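See structure below.
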Amino acid sequence: MDRIKMNTIVEMDGDEMTRILWKTIKDELLLPFVELNTEYYDLGLPHRDETDDQVSIDAGEAIKKYHVGVKCATITPNAQRVEEYHLKEMWKSPNGTIRAILDGTVFRTPILVSGVKPAVRSWEKPITIARHAYGDVYKATEFRLTKPGKAELLFTAEDGETKRATIYDFECGGVLQGMYNKDTSIESFARSCFNYALDAKEDLWFSTKDTISKQYDQTFKLIFADIFEKEYKEKFEKAGITYFYTLIDDAVARVIRSKGGYIWACKNYDGDVMSDMVSTAFGSLAMMTSVLVSPDGNYEYEAAHGTVTKHYYRYLEGEKTSTNPIATIFAWSGALRKRGELDGNAPLIEFADKLEKASLAVIESGRMTKDLALMWQGSTPTVLTSDAFISAIREELKSYMK
Ligand code: NAP
Ligand code: MG
């Protein structure tokens, strides 16, 4: 069989159990069918340390050049990891580094299979959470106050003009927080969401608390509305999809009553909380895709879960683990499909579709990893090791590729 040809994508290898799965997925599911054309960056922690983390920056820049990247889960070092890996420094999260270079929004979508029923009975289609990944409470300055006094908000413009307001005259101790966001970041967030909705051909919902936060959240609402009016309204009409703004509490109620099948854009904190709620209610992080989309059209695909450290330690002791490779397989299929779409490479798009279809077909035939078996409703499933599960997907895929 002739292998499918493709243009370059950026491949970012990672750590621990997902690094093991990464290689197996490439060897078993990709290389037999596709002449994989990747620019390889090893973001495994030892190599990040060797390069003083330059490799993470290089990988981010490479995504800007090729527009599509696929990333394996990586360790974000903490004090324990610094010791474990004898690191020169506590390097920053590669995801954070790449996000800063690409300036994007993270979209997370559950992968549905027939035997795992969402906890919310009305949900029939996936709900994608679009999380603004910049600013707000994540970049806030906070004080713990232990005595009475006056708290003020002060802004000094570059030209010397000042704005000042009393926040509260404290008669006792308390807490104080100052947070911010930037027009440029909110604008990129909006464009990423509108572009993603057009790509997915799904409605876009956006929610904030603008009735209470009359300057801060109101600005988010107005920037979205303005960009929609000027740049996207016609495109949405043509695509037959809608943009819909509502208050966050109204959105929550509507989401629970909905059938799914739309994108829900959330501010940073709302997105953090709501994505865990949505992913748990749909099944698990191991069945969740994640893609970072930048406003100028760069795409980075990854799994939503981490490096599955506990399984890796058991793997090192010789155990054949039953770690779920689906999210990592879908990171690859997502990247290959996007490469195909950007280049008009129909065979590559078709391969990505078949790879996903084969993966889900194996699960729906009752063969799966342990995490899914625990949630499975219906006849008793067969629990496979990761290797056996990937082999079964390969057999299924082969039959589609004839
Ligand atoms: P994790 O790797 O997502 O794993 C947490 C637990 O969730 C696992 O112990 C396992 O539960 C279950 N799980 C997650 N993915 C699974 C899969 N594919 N198949 C089966 N079970 C799965 O999170 P963590 O243990 O908190 O973090 C481990 C490392 O990953 C950390 O160093 C962290 O920095 C890194 N991390 C990276 C990313 C990223 O690169 N995007 C994201 C998050 C975390 P059981 O043990 O009960 O089977
Ligand atoms: Mg969170």
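Sequence positions, counted from 1, serve as the residue numbers for this chain. All ligand and atom numbering here is 1-based and tracks the order in the structure. No experiment lies behind these values; they were computed from the predicted model shown.
Between Ser322 and ligand 1, a contact under 3.5 Å exists for no N or O pair. Note: no N/O pair closer than 3.5 Å links Glu16 and ligand 1 by distance alone. Considering backbone and side-chain atoms alike, Gly306 places an N or O below 3.5 Å from some N or O of ligand 1. No N or O atom of Ile75 sits closer than 3.5 Å to an N or O atom of ligand 1.
Heavy-atom minimum distance, Leu21 versus Pro325: CD1-CA, 4.1 Å. Between Lys125 and Phe282 the shortest heavy-atom distance is O-CZ, 3.5 Å.
Inspection of the Asn298 and Tyr66 side chains reveals no N or O donor paired with an N or O acceptor under 3.5 Å. Side-chain atoms of Asp53 and Ser56 include a donor-acceptor pair closer than 3.5 Å. Looking only at atom types and distance, the side chain of Ser333 has a donor-acceptor partner in the side chain of Glu356 under 3.5 Å away. One side chain, Asp210 or Tyr245, offers a donor N or O that lies under 3.5 Å from an acceptor on the other.
Of all atoms in ligand 1, listed by their number and element, those nearer than 4.0 Å to a heavy atom of Lys71 are 40 (O). Remark: ligand 1 atoms within the under-4.0 Å shell around heavy atoms of Glu302 are 41 (N). Interface atoms of ligand 1 facing Ala73, defined by a heavy-atom separation under 4.0 Å, are 40 (O). Of all atoms in ligand 1, numbered sequentially from 1 with element shown, those under 4.0 Å from a heavy atom of Asn95 are 39 (C), 40 (O), 41 (N). With ligand atoms numbered from 1 in the order given, ligand 1 contributes 28 (C), 29 (C) to contacts under 4.0 Å with heavy atoms of Thr309.
Within the 4.0 Å heavy-atom cutoff, Val308 counts among the residues contacting ligand 1. Not a single heavy atom of Met17 sits closer than 4.0 Å to an atom of ligand 1.
Here Lys370 has no heavy atoms under 4.0 Å from ligand 1, in either its backbone or its side chain.
Shortest contact from atom 21 (N) of ligand 1 to any protein heavy atom: His311 CE1, 3.9 Å. In this structure, atom 37 (C) of ligand 1 lies nearest to the protein heavy atom Thr74 O, 3.0 Å. When only non-hydrogen protein atoms are considered, atom 14 (C) of ligand 1 lies nearest to His305 CB, 3.9 Å. What sits closest to atom 18 (N) of ligand 1 on the protein, heavy atoms only, is Asn324 O, 2.8 Å. Scanning the protein for heavy atoms near atom 30 (O) of ligand 1, the closest one is Thr307 N, 3.0 Å. Atom 32 (O) of ligand 1 has Arg81 NH2, 3.0 Å as its closest protein atom, hydrogens excluded (heavy atom only).
The closest side-chain heavy-atom distance from Asn181 to Tyr216 is below 4.5 Å.
A side chain to side chain donor-acceptor pair (under 3.5 Å) with Arg19 is found for one member of Thr307, Asp42, Thr74 and no other, namely Asp42. When the options Ile127, Thr242, Thr128 are evaluated for a side-chain contact (heavy atoms from CB on, under 4.5 Å) with Tyr262, the one that passes is Ile127.
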> Could you walk me through whether His132 and Asn268 pass the side-chain hydrogen bond (donor to acceptor under 3.5 Å, both in side chains) check?
Replying inline: CA-CA 5 Å; His132 185 211; Asn268 208 350; 5.8 Å; no

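The existence of a salt bridge linking Lys5 and Glu35 is confirmed by a sub-4.0 Å separation between a basic side-chain nitrogen and an acidic carboxylate oxygen.
Of the candidates Thr323, Thr76, Asp15, it is Thr76 that places a heavy atom closest to atom 34 (O) of ligand 1.
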